[in-house]
Asker: 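Before I ask anything, let me first share the structure, which is written out below as structure tokens.
In this chain, residues are counted from 1 in sequence order. Just the heavy atoms: all of them, side chains too, but no hydrogens, waters or symmetry mates, feed the values below.
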Amino acid sequence: MSKNILDMRNTVQIGIVVRDIEESLQNYAEFFGVEKPQWFWTDDYSKAHTKFNGRPTKARAKLAFFELGPLQLELIEPDENPSTWREFLDKNGEGIHHIAFVVKDMDRKIEELYRKGMKVIQKGDFEGGRYAYIDTLRALKVMIELLENY
């Protein structure tokens, strides 16, 4: 890319897809020497408006977060519905799914990335904002997540 579309100073998260969030939480908590955070379910379609490959999906996931200074570690255990998380777990097993960036004007960022051949794989809403996963696997070997807070 000839210009910096995403401000690297706004790198906020690494997301890891796991099969068993309870086991993974325990392992990470012990490794970091911190208290195990609680996991929670993502919102259902009526609130999240989740789309995967352009189609509505009932996909949900269990999420938990470790705050590691300026960087957040997100653990994701997907349900069985079609999603980028489920697809990743089925194809690759557990591992790093994405690096997330906080952005302003997400629609413009999505358009810029699309012009570079990088399309939206999944998007949805969450309380206080929205997210979009961008297919950057071929170029970067990891997915990029855009987070926009309202």
Side-chain angles (χ1 to χ4, degrees), residues 5-6 8 10-103 106-107 109-114 116-150:
I5 294 174
L6 306 176
M8 291 177 289
N10 293 328
T11 306
V12 295
Q13 181 187 89
I14 296 173
I16 300 175
V17 171
V18 300
R19 291 189 196 288
D20 181 339
I21 201 162
E22 281 292 340
E23 178 183 346
S24 296
L25 280 170
Q26 188 63 43
N27 292 339
Y28 274 100
E30 287 176 11
F31 181 79
F32 292 134
V34 299
E35 189 173 320
K36 184 172 80 170
Q38 293 295 310
W39 63 264
F40 61 92
W41 281 104
T42 57
D43 288 328
D44 63 20
Y45 182 80
S46 68
K47 290 184 179 179
H49 312 109
T50 307
K51 290 187 177 179
F52 174 60
N53 289 328
R55 294 183 171 170
T57 180
K58 294 181 180 181
R60 296 181 72 196
K62 294 176 184 176
L63 303 181
F65 300 92
F66 286 94
E67 302 299 331
L68 308 174
L71 192 63
Q72 186 179 68
L73 181 69
E74 177 184 30
L75 299 181
I76 308 160
E77 179 189 325
D79 69 8
E80 294 301 319
N81 290 298
S83 69
T84 183
W85 313 303
R86 170 54 45 198
E87 182 178 78
F88 182 91
L89 188 59
D90 290 347
K91 286 184 178 178
N92 305 302
E94 298 175 295
I96 296 175
H97 175 263
H98 68 266
I99 300 171
F101 297 82
V102 172
V103 298
M106 183 184 289
D107 294 330
K109 300 290 186 198
I110 288 171
E111 180 59 34
E112 288 180 63
L113 291 166
Y114 183 79
K116 303 283 186 190
M118 301 171 185
K119 66 178 186 167
V120 172
I121 295 297
Q122 182 171 312
K123 64 181 179 175
D125 300 321
F126 58 87
E127 189 172 327
R130 62 186 178 149
Y131 72 91
Y133 289 109
I134 309 299
D135 184 0
T136 54
L137 288 171
R138 182 179 295 143
L140 304 178
K141 311 306 180 222
V142 69
M143 192 145 340
I144 295 297
E145 181 183 24
L146 305 180
L147 297 167
E148 183 174 52
N149 299 311
Y150 301 135

Asker: Compute the centroid of each ring, for His97 and then for Tyr133, and state whether the two points are separated by less than 6.0 Å.
Answerer: yes
Asker: With a 6.0 Å cut-off (strictly less than), is the heavy-atom count around CD1 of Ile96, excluding the residue itself, greater than 12?
Answerer: no
Asker: Looking only at heavy atoms, what is the nearest atom pair of Val18 and Pro78, with distance?
Answerer: O-CD, 3.7 Å
Asker: What pairs with Glu77 under side-chain hydrogen bond (donor to acceptor under 3.5 Å, both in side chains), at least two apart in sequence or on another chain?
Answerer: none
Asker: Just wondering, do Leu146 and Met106 contact through their side chains at under 4.5 Å, heavy atoms?
Answerer: yes
Asker: How about CD on Glu67, more than 12 heavy atoms from neighbouring residues, nucleotides or ligands closer than 6.0 Å, or not?
Answerer: yes
Asker: Could you walk me through whether Phe32 and Leu73 pass side-chain contact (heavy atoms from CB on, under 4.5 Å), step by step?
Answerer: CA-CA 11 Å; Phe32 292 134; Leu73 181 69; 3.9 Å; yes
Asker: Once you round to the nearest 0.5 Å, how far does NE2 of His49 lie from CG of Asp44?
Answerer: 9.0 Å
Asker: Is there a side-chain contact between Lys109 and Glu148 (heavy atoms, below 4.5 Å)?
Answerer: no
Asker: Over 60° means perpendicular and under 30° means parallel, so classify the ring planes of Phe126 and Tyr131, tilted if in between.
Answerer: parallel
Asker: Which distance, rounded to the nearest 0.5 Å, do you find between the NZ of Lys36 and the CG of Asn27?
Answerer: 10.0 Å
Asker: Does the side chain of Leu63 reach to within under 4.5 Å of the side chain of Leu75, using non-hydrogen atoms?
Answerer: no
Asker: Quick check: does any side chain N or O of Asn10 sit under 3.5 Å from a backbone N or O of Phe101, one acting as donor and the other as acceptor?
Answerer: no
Asker: Roughly how far, to the nearest 0.5 Å, is OG1 of Thr11 from CD1 of Ile99?
Answerer: 7.5 Å
Asker: For Phe52, give me all partners under ring pair (Phe, Tyr, Trp, His ring centres under 6.0 Å), at least two apart in sequence or on another chain.
Answerer: none
Asker: Would you say that more than 12 heavy atoms from the other residues, nucleotides or ligands in this model lie under 6.0 Å from the NZ of Lys58, or not?
Answerer: no
Asker: The test is side-chain contact (heavy atoms from CB on, under 4.5 Å); show your working for Phe31 and Phe66 and say whether it passes.
Answerer: CA-CA 12 Å; Phe31 181 79; Phe66 286 94; over 6 Å; no
Asker: With rounding to the nearest 0.5 angstrom, report the CG to CD distance, Leu113 to Glu111.
Answerer: 9.5 Å
Asker: Out of curiosity, Lys116 NZ to Thr136 OG1, how far, rounded to the nearest 0.5 Å?
Answerer: 14.5 Å
Asker: Quick one, His98 and Ile76 - any side-chain contact, counting heavy atoms below 4.5 Å?
Answerer: yes
Asker: Is any side-chain heavy atom of Phe65 closer than 4.5 Å to one of Pro37?
Answerer: no
Asker: Any side-chain heavy atom of Gln122 sitting closer than 4.5 Å to one from Ser83?
Answerer: yes
Asker: Answer yes or no: is there a donor N or O on one side and an acceptor on the other, between the side chain of Lys123 and the main chain of Val120, under 3.5 Å?
Answerer: no
Asker: Assess whether atom CZ of Phe40 is packed by more than 12 heavy atoms of other residues, nucleotides or ligands within 6.0 Å.
Answerer: yes
Asker: Do you know which two heavy atoms are closest between Phe88 and Gly93, and how far apart they sit?
Answerer: CE2-O, 3.3 Å
Asker: With no hydrogens and no angle check, just 3.5 Å: does a side-chain donor-acceptor pair link Gln26 and Glu22?
Answerer: no
Asker: Does Arg130 pair with Asp107 as a salt bridge, N-O distance under 4.0 Å?
Answerer: yes
Asker: With a 3.5 Å distance limit and no angle check, can you tell me whether Thr57 reaches the backbone of Thr50 through a side-chain donor-acceptor pair?
Answerer: no
Asker: Any side-chain heavy-atom pair from Val34 and Tyr28 closer than 4.5 angstrom?
Answerer: no
Asker: Are side-chain heavy atoms of Leu147 and Val103 found at a separation under 4.5 Å?
Answerer: no
Asker: Using the side chain to side chain contact (heavy atoms under 4.5 Å, CB included) definition, which of the options Ile144, Leu137, Asp135, Ile134 pairs with Met118?
Answerer: Ile134
Asker: Is it the case that the side chain of Ser24 and the backbone of Arg19 share a donor-acceptor pair, with hydrogens and angles ignored and the cut-off at 3.5 Å?
Answerer: no
Asker: Is there a side-chain contact (heavy atoms from CB on, under 4.5 Å) between Asn81 and Arg86? Walk through the geometry before answering.
Answerer: CA-CA 7 Å; Asn81 290 298; Arg86 170 54 45 198; over 6 Å; no
Asker: Check whether Thr42 reaches the backbone of Arg60 with its side chain - one donor and one acceptor, N or O, closer than 3.5 Å.
Answerer: no
